[in-house]
K.L.:
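Provided herewith is a single structure, encoded as C-alpha cells, for subsequent inquiry.
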Amino acid sequence: MIALESAAPAIAMLAAFALIAGGVVVIRRGDNRRQGVLMLVMAVVLIGNVMIWTL
C-alpha cells in the first residue's frame, strides 16, 4: 500500500491536467460550456486536494 499512497498525488495531478485540457477544449468548441466549466472546477478541487495531501 505504501507505493499506492506515494503515487496518489501524481495520479491526481495527471487527472487534473487532463480535466483542464478537456475543459478548455469543450469550452472553446462551444459544445457544452457548462460541462467544460464543471471540468475546470473539478480540476481545481483535485489540485487543492493534492496540496492538502502533501502538507
Side-chain angles (χ1 to χ4, degrees):
M1 280 306 244
I2 301 296
L4 183 59
E5 291 171 2
S6 63
I11 294 169
M13 287 304 290
L14 287 173
F17 289 133
L19 283 168
I20 291 169
V24 169
V25 167
V26 169
I27 289 172
R28 287 197 60 162
R29 236 192 288 162
D31 291 340
N32 191 351
R33 291 183 189 269
R34 177 189 241 177
Q35 182 182 5
V37 170
L38 288 175
M39 290 172 76
L40 294 176
V41 169
M42 189 174 187
V44 169
V45 170
L46 266 175
I47 292 170
N49 283 339
V50 169
M51 299 292 260
I52 290 170
W53 292 339
T54 56
L55 287 177

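Quick caveat: nothing in here was measured; it's all calculated off a predicted structure.
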K.L.:
Tell me the salt bridge (charged side-chain N to carboxylate O under 4.0 Å, His left out) pairs involving residues 44-55, sequence neighbours left out?
P.N.:
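Residue pairs with at least one partner in residues 44-55: there are none.
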
K.L.:
Among all residues two or more places apart in sequence or in another chain, which pass the side-chain contact (heavy atoms from CB on, under 4.5 Å) test with M42?
P.N.:
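M42 satisfies side-chain contact (heavy atoms from CB on, under 4.5 Å) with L19 only.
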
K.L.:
In chain order, what residues pass the side chain to side chain donor-acceptor pair (under 3.5 Å) check against R29, with sequence neighbours excluded?
P.N.:
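Counting only residues at least two positions away or on another chain, R29 forms a side chain to side chain donor-acceptor pair (under 3.5 Å) with D31.
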
K.L.:
Can you name the nearest heavy-atom pair linking A43 to A16, along with the distance?
P.N.:
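Shortest heavy-atom separation between A43 and A16 comes out as CB-O, 3.7 Å.
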
K.L.:
So do V41 and L46 actually touch side chain to side chain, heavy atoms under 4.5 Å?
P.N.:
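Side-chain contact under 4.5 Å: no.
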
K.L.:
Check for me, please, whether V45 and M39 land in the same ILVMFWY cluster - side-chain distances under 4.5 Å, paths through other members count.
P.N.:
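Different hydrophobic clusters.
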
K.L.:
Any idea which heavy atoms bring V50 and P9 closest together, and the distance?
P.N.:
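The answer is CG2-O, 3.9 Å.
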
K.L.:
So, using side-chain contact (heavy atoms from CB on, under 4.5 Å) as the criterion, who are the partners of A21 when residues are at least two apart?
P.N.:
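For A21 there are no side-chain contact (heavy atoms from CB on, under 4.5 Å) partners, ignoring immediate neighbours.
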
K.L.:
Which heavy atom in W53 sits nearest to a heavy atom in A8, and how many Å separate them?
P.N.:
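Here W53 and A8 meet closest at CZ3-O, 4.1 Å.
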
K.L.:
Who passes side-chain contact (heavy atoms from CB on, under 4.5 Å) against I27, sequence neighbours left out?
P.N.:
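Per chain and number, I27 pairs via side-chain contact (heavy atoms from CB on, under 4.5 Å) with R33, V37, L40.
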
K.L.:
With sequence neighbours excluded, tell me which residues meet side-chain contact (heavy atoms from CB on, under 4.5 Å) with R34.
P.N.:
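R34 satisfies side-chain contact (heavy atoms from CB on, under 4.5 Å) with N32, L38 only.
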
K.L.:
Starting from I11 and following side-chain heavy-atom contacts under 4.5 Å between hydrophobic residues (I, L, V, M, F, W, Y), which residues can be reached?
P.N.:
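Joined to I11, directly or through intermediates: none.
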
K.L.:
Tell me who clusters with L14, hydrophobic residues only, linked when side chains sit under 4.5 Å apart either directly or through other members.
P.N.:
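Under the 4.5 Å side-chain rule, L14 groups with nothing.
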
